[in-house]
Amino acid sequence: MRPQLRIYYGPQEETPRCGSVLQESKPMVTVTLGEILPLLADAVQSDRTWLRDFADDEVSISMDLYEVLLAYQYYRRPVA
């Protein structure tokens, strides 16, 4: 009798219920802006290539910081 080989596709995942979405879970860390801002500023100024690896990553910020950044973006535009 010949042995029969089967392809293993990993464990069977449950089918998501209507309206639910399966998301890939990534480890998250909460830090203050004051902790990372000097490091990021130095990395940008030094043109570190590893920054490009994270260019498409999303970050969560508070609504008030977002509004301040929008205002800053608007007012720092050079006058033509």
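A distance-only check finds no donor-acceptor pair linking the side chain of E67 to the backbone of D64 [under 3.5 Å].
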**Request:** Just do the side chain to side chain contact (heavy atoms under 4.5 Å, CB included) check on L40 and L51 with the steps written out, would you?
**Result:** CA-CA 9 Å; L40 289 174; L51 284 173; 4.1 Å; yes

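For Q45, the CD atom counts as loosely surrounded, since its 6.0 Å shell holds 12 or fewer non-hydrogen atoms of other residues, nucleotides or ligands.
Y74 and L69 sit in two unconnected hydrophobic clusters of ILVMFWY residues. Membership requires side-chain heavy atoms under 4.5 Å apart, directly or through other members. M63 and Y72 sit in two unconnected hydrophobic clusters of ILVMFWY residues. Membership requires side-chain heavy atoms under 4.5 Å apart, directly or through other members. Under the 4.5 Å side-chain contact rule for hydrophobic residues, L39 and L65 do not share a cluster. When the side chains of ILVMFWY residues are joined at heavy-atom separations under 4.5 Å, either directly or via intervening members, I36 and V29 end up in a single hydrophobic cluster.
Residues L33 and I61 have side chains not in contact (no heavy-atom distance under 4.5 Å, counting atoms from C-beta outward).
Annotation: the span from D53 atom CG to W50 atom CH2 amounts to 9.0 Å, rounded to 0.5 Å.
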